[in-house]
Amino acid sequence: MVSSTQQFERIRKRKMTTSGKRNKRERRALGTPAFPVHIAGYDANAADAPRKPK
């Protein structure tokens, strides 16, 4: 039979691992928020503007 201390140490370790996984999964699901690529007033002729195909 396993000692009480050993059993609870394993349970605590398992719970910490699973809660970490859940936390990471939730953070990944949030992802990067949507934001405008070109804000209002952006100059299409600026030096960093993407080139238009001819």
Side-chain angles (χ1 to χ4, degrees):
M1 189 165 170
V2 180
S3 70
S4 179
T5 306
Q6 192 175 22
Q7 186 175 1
F8 280 107
E9 282 179 359
R10 285 181 182 165
I11 291 170
R12 277 198 297 270
K13 184 174 169 65
R14 187 180 67 232
K15 285 187 177 187
M16 283 192 293
T17 304
T18 56
S19 68
K21 286 179 186 175
R22 190 175 302 124
N23 195 4
K24 286 181 233 174
R25 190 180 305 127
E26 287 174 0
R27 288 179 187 274
R28 261 198 319 269
L30 292 175
T32 306
F35 57 92
V37 176
H38 299 300
I39 56 174
Y42 179 76
D43 184 13
N45 297 321
D48 64 342
R51 305 222 184 267
K52 302 251 181 184
K54 293 182 180 179

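Excluded from the calculations below are hydrogen atoms, water molecules and symmetry mates; all remaining heavy atoms, backbone and side chain alike, are included. Residue numbers count from 1 along this sequence. None of these values were measured; they are calculated from a predicted model.
The NZ atom of Lys21 sits 8.5 Å away from atom NZ of Lys24, with the distance rounded to the nearest 0.5 Å. The CD atom of Gln7 sits 7.5 Å away from atom CE of Met1, with the distance rounded to the nearest 0.5 Å.
For the side-chain contact (heavy atoms from CB on, under 4.5 Å) test, residues two or more places apart in sequence or in another chain that qualify with Ser4 are Phe8. Every residue two or more places apart in sequence or in another chain that forms a side-chain hydrogen bond (donor to acceptor under 3.5 Å, both in side chains) with Arg27 is listed here: Asn23.
Inter-residue side-chain proximity for Arg12 and Lys15 is flagged as unmet; no heavy-atom pair is nearer than 4.5 Å.
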